A.B. asks: 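Got a structure for you, questions after.
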Amino acid sequence: MYILDEVKNQIRLGVRAAIDKAVKAGELPEAMLPDAQIPLEVPREEAFGDWSTNIALTSAKVARMAPRQIAEIIVKYLETEGTYIAKVEIAGPGFINFHLDPRWLTRVVVDIERCGANYGRVDLGKGQKLQVEFVSANPTGPLHIGHGRGAVVGSVLANLLAAAGYDVQKEYYINDAGNQIKNFGLSLDARYRQALGQDVPVPEDGYHGEDLRELMAEVAAEHGDYYLSLSDQERQELFIKMALERKLNDIKNDLAEFGVTFDHWFSESSLHESGAIAETIKQLQANGNIYEADGALWLKSTAYGDDKDRVVIRENGVPTYLAADLAYHKNKFDRGFDKVINIWGADHHGYIPRMKAGVAALGRNPDDLEVLIVQLVNLIRDGQPVMMSKRTGKLVTLAEVIEEVGKDAARYFFIMRSADSHLDFDLNLAAAQTDENPVFYIQYAHARIASILRQAAELGIIPAGSHPQAAGVNVQLLETPSERALLKKLAFWPEEVRIAAANLEPHRIARYAHELAGLFHSFYNAVRVLTDDPQLTAARLVLVEVTGVVLRVVLEMLGISAPERM
RNA sequence: GCGCCUGUAGCUCAGGGGAUAGAGCAACGGACUUCUAAUCCGUGGGCCGUAGGUUCGAUUCCUACCAGGCGCGCCA
């Protein structure tokens with residue numbers, strides 16, 4: 001347990017006991033006995049203390065008493081002996097505000113030293129098995145900027161949930177089947193024949209990217225017109241197989257360079273080949289969730305909240321994308337995941353009700369599937385939106401953006417806004433090596449920490465290669481406002497992990513990083529670490545050290561590097 | 001037409017039903033003989049899209065409307 005939780009427990013238990021006593025004394029009605037946890041919040045104003053409860057306000061109605069009166073009775077019976085509660089006040093309409101003895105803050109140093117890189121891990125997930133599926137871009141072309149956002153949101157979310165005590169698996173679903181693949185084959189064929197000098201257009205709804213032109217030019221250069229001797233179908237199947245492998249490999253490389261890795265790559269076509277789709281349809285039929293109409297098989301998704309029923313097997317006998325997705329999600333749950341989280345682009349949000357309906361039809365609680373929608377990204381260059389068109393293949397690729405602004409800046413920009421907010425990605429700002437760029441602000445804090453520790457070693461204050469330790473150091477000397485503010489922020493890291501994980505809000509981690517860095521910079525400017533007072537120096541070095549530990553934990557979660565020098 | 005997301009400072013955005021709504025950037029004024037000035041300190045800047053409702057209390061929840069984005073296939 002972290003000191004933060006210990007303090008919150010002290011307050012909660014104290015308030016609960018006070019209410020108990022007041023009820024026994026007949027000063028508060030029985031109805032006041034709380035059946036849930038005492039609500040605690042951090043007041044906006046520092047003057048209102050460290051923690052505050054609105055229990056008197058929320059229970060006023062059931063107690064049939066004025067909130068302030070309830071608060072006064074609770075405070076009267078509140079025992080604070082042996083706790084970190086230093087002062088209790090009633091304020092405003094009936095808030096009970098708790099001011100803590102600042103000595104609680106120095107306990108955080110011990111927590112961080114004890115936990116090291118594990119500091120902030122919490123047991124929200126209790127080991128539940130959970131899958132995060134993200135990116136899952138069609139392997140028919142390069143990743144673009146929109147995939148980048150999903151990739152970072154997914155990878156940070158996975159890190160976050162792991163830190164919150166879930167057993168997390170990251171998965172990429174490879175859409176290597178269906179009509180689009182057929183189109184892909186036609187496009188490849190057209191490019192091949194173009195390379196041989198034939199006047200063959202790429203199909204209107206095909207893939208027009210330059211990457212395919214180059215790829216097939218290579219093939220033509222190497223093998224000439226050999227492939228024309230095959231049947232159209234044979235040739236296209238061969239091209240598809242070859243190109244999918246190439247493209248998937250490119251995607252893997254792009255993602256790896258972006259710090260995004262997966263535990264499992266799942267092929268859609270494997271569902272067709274293994275008979276999993278047929279089996280899933282059979283199960284749905286047995287459940288009475290499938291009917292036949294117009295020569296096709298339909299999923300009765302309206303029975304589970306969708307606004308229309310959906311075709312799963314077409315008139316021509318070919319399964320739809322949804323059929324494969326049903327089989328895929330059945331497979332996920334069969335693998336024993338308690339919950340699966342899909343990260344989709346905003347252009348797929350209309351698909352959620354039918355997918356949830358499908359999950360329900362398969363006999364699973366639809367809430368076990370959580371779909372996180374990531375809104376679209378607008379690229380901005382020189383203050384103007386960068387025009388992108390998928391049809392003409394004029395996309396800004398992820399690789400280009402990383403090339404232009406660097407991995408760290410790109411990751412930070414993709415994660416710094418909440419997923420459901422549209423994101424303006426300002427290329428000039430992300431590439432700027434100036435104070436306008438927030439990612440450097442955070443990294444600079446880490447570089448400064450490293451620099452101070454280097455200095456301390458050079459001056460012989462700490463042995464070279466060692467880290468400042470709290471043992472024998474009087475950390476109570478950390479008592480200036482900037483030191484306390486920094487310690488408090490460090491103490492809240494586990495809480496931040498808990499909240500961000502519970503709400504699936506990885507962007508909060510980016511905010512925390514920025515705020516922590518800001519408090520360190522303030523501290524750095526407010527006081528000197530290396531002074532001629534050995535005790536004070538030792539205490540501040542410990543603070544610098546543990547700040548560095550936490551900053552690295554946070555940056556690691558974000559997948560952003562923590563430079564020793566800048 | 002229906003559905004989802006968004007609307008908060010000049011710009012980009014935070015804000016777990018609470019108290020006097022915040023941050024970064026931009027603007028303005030200060031701080032480098034001192035551990036890295038990619039930093040810090042300070043100032044100004046707001047009908048929280050509009051109108052209702054629920055609540056002791058709404059930027060937060062609900063409804064309607066307005067504006068922007070994205071969807072609404074036997075495509076994926």
Side-chain angles (χ1 to χ4, degrees), chain A residues 39 41-45 47-48 52 54 57-58 60-61 66-67 91-95 97 136 138 140 175 177-181 183 205 268 294-298 307-308 310-316 318-322 324-325 345-353 373-376 378 380 383 416-426 429 432-445 447-456 458-459 482 499 502-503 505 507-508 510-511 514-515 517-518 520-531 537 540-541 544 565-566:
Chain A
E41 63 179 25
V42 180
R44 199 169 45 212
E45 294 284 328
F48 294 146
S52 175
N54 61 1
L57 290 149
T58 53
K61 187 169 246 176
F95 293 103
N97 294 336
S136 299
N138 295 347
T140 50
N175 298 134
N179 265 333
Q180 51 161 2
I181 294 301
N183 265 331
D205 52 353
E268 178 189 354
D294 305 328
L297 291 187
W298 298 69
D307 51 9
K308 54 178 104 161
R310 308 289 173 175
V311 170
V312 285
I313 305 291
R314 299 186 182 92
E315 211 173 342
N316 63 9
V318 178
T320 60
Y321 182 80
L322 177 62
D325 231 355
D347 51 343
H348 288 86
H349 73 261
Y351 195 77
I352 297 173
I373 290 298
V374 176
Q375 292 297 323
L376 303 182
N378 297 310
I380 310 283
M416 70 180 176
R417 305 295 181 216
S418 78
D420 54 14
S421 169
H422 302 241
L423 175 68
D424 280 346
F425 192 117
D426 187 328
L429 180 58
Q433 304 265 320
T434 70
D435 55 0
E436 295 168 36
N437 193 335
V439 68
F440 290 112
Y441 182 85
I442 300 166
Q443 294 183 309
Y444 186 49
R448 272 183 154 172
I449 287 168
S451 174
I452 293 173
L453 296 177
R454 275 197 303 272
Q455 287 280 327
E458 275 167 30
L459 294 171
S482 69
I499 295 169
N503 299 311
E505 292 175 336
H507 73 279
R508 298 182 71 112
R511 289 193 71 77
H514 195 262
E515 287 163 5
F520 178 78
H521 286 311
S522 293
F523 156 77
Y524 181 94
N525 278 277
V527 303
R528 252 194 95 72
V529 176
L530 306 175
T531 66
T537 299
R540 287 185 176 156
L541 275 173
V544 168
R565 284 191 170 79
M566 284 177 75

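This one's a predicted model, so the numbers in the text were calculated from it and none came from an experiment. Quick note on labels: first sequence line is chain A, next is B, and so on, each numbered from 1.
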A.B. asks: For residues A:G350 and A:P353, report the shortest heavy-atom separation together with the two atoms involved.
C.D. replies: O-CD, 3.5 Å

A.B. asks: Look at the side chain of A:N378 and the backbone N and O of A:D424, then say whether any donor-acceptor pair between them is shorter than 3.5 Å.
C.D. replies: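 Absent.
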
A.B. asks: What one-letter contact string describes nucleotides 71-76 of chain B from 5' to 3', where B marks a base within less than 4.0 Å of any protein heavy atom, S marks contact via sugar-phosphate atoms alone, and - marks no contact?
C.D. replies: SSSBSB

A.B. asks: Any side-chain to backbone donor/acceptor pair from A:H521 onto A:Y441? Under 3.5 Å, distance only.
C.D. replies: yes

A.B. asks: Anti or syn, where syn is a glycosidic angle within 90° of 0; which label fits B:C32?
C.D. replies: syn

A.B. asks: Could you work out the separation of B:C70 and B:U63 based on their C1' atoms and round it to a whole Å?
C.D. replies: 23 Å

A.B. asks: Is the NZ or CZ atom of A:R448 positioned over A:F520's six-membered ring, under 6.0 angstrom from the centre and within 45° of the axis?
C.D. replies: no

A.B. asks: Quick one: list whatever passes side-chain contact (heavy atoms from CB on, under 4.5 Å) with A:E515, sequence neighbours left out.
C.D. replies: A:K489, A:R511

A.B. asks: Is it true that a side-chain atom of A:N316 and a backbone atom of A:V318 form a donor plus acceptor pair closer than 3.5 Å?
C.D. replies: yes

A.B. asks: What does the 5'-to-3' dot-bracket notation of RNA chain B look like when only Watson-Crick and G-U wobble pairs under 3.5 Å count, and pairs to other strands show as |?
C.D. replies: (((((((..((((....[...)))).(((((.......))))).....(((((..]....))))))))))))....

A.B. asks: Counting N and O atoms only, with roles assigned by atom type, does the side chain of A:S522 sit under 3.5 Å from a partner on the main chain of A:G518, one being a donor and the other an acceptor?
C.D. replies: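 Yes, A:S522 side chain to A:G518 backbone: donor-acceptor pair under 3.5 Å.
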
A.B. asks: Measure the CG-CD1 distance between A:L541 and A:I449 for me, rounded to the nearest 0.5 Å.
C.D. replies: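 These two atoms lie 11.5 Å from each other.
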
A.B. asks: Summarise protein proximity over nucleotides 56-63 of chain B in one line of letters, 5' to 3': B for base, S for sugar-phosphate only, - for none, counting protein heavy atoms closer than 4.0 Å.
C.D. replies: B-------

A.B. asks: What distance, rounded to whole Å, do you find between the two P atoms, one in B:A23 and one in B:G45?
C.D. replies: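 B:A23 and B:G45 have their P atoms separated by 14 Å.
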
A.B. asks: How many angstroms lie between atom CZ of A:R314 and atom OG1 of A:T320, to the nearest 0.5 angstrom?
C.D. replies: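 The CZ atom of A:R314 sits 6.0 Å away from the OG1 atom of A:T320.
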
A.B. asks: Could you pull out the protein-nucleic contacts involving nucleotides 35-37 of chain B (nitrogen or oxygen on both sides, under 3.5 Å)?
C.D. replies:
residue	atom	partner	partner atom	Å
B:C35	O4'	A:R528	NH2	3.2
B:C35	O2	A:V529	N	3.4
B:C35	O2	A:L530	N	3.0
B:C35	N3	A:V529	N	3.0
B:C35	N4	A:Y524	O	2.6
B:C35	N4	A:V527	O	2.7
B:U36	OP1	A:S451	OG	2.1
B:U36	OP2	A:S451	OG	3.4
B:U36	O2'	A:Y444	OH	2.0
B:U36	O2'	A:R448	NE	3.3
B:U36	N3	A:M566	O	3.2
B:U36	O4	A:M566	N	2.8
B:A37	OP2	A:R448	NH2	2.7

A.B. asks: May I ask you to decide if A:R528's main-chain N or O and A:R540's side chain share a donor-acceptor pair within less than 3.5 Å?
C.D. replies: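 Present.
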
A.B. asks: Rounded to the nearest 0.5 Å, what separation is found between the OG atom of A:S421 and the CE atom of A:M416?
C.D. replies: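 The CE atom of A:M416 is 10.0 Å from OG of A:S421, to the nearest 0.5 Å.
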
A.B. asks: A:N175 and A:Q180: side chain to side chain donor-acceptor pair (under 3.5 Å), yes or no, with the steps?
C.D. replies: CA-CA 9 Å; A:N175 298 134; A:Q180 51 161 2; 5.0 Å; no

A.B. asks: Is A:S52 reaching over with its side chain to a backbone N or O of A:E41, donor-acceptor style, under 3.5 angstrom?
C.D. replies: no

A.B. asks: Across nucleotides 8-15 of chain B, 5' to 3', mark each nucleotide with B, S or - according to how protein heavy atoms within less than 4.0 Å reach it.
C.D. replies: ----BSSS

A.B. asks: Between CG of A:N138 and CG of A:N183, what distance do you get to the nearest 0.5 Å?
C.D. replies: 11.0 Å

A.B. asks: Going from CG on A:D420 to CD1 on A:I373, what distance comes out if it is rounded to the nearest 0.5 angstrom?
C.D. replies: 10.0 Å

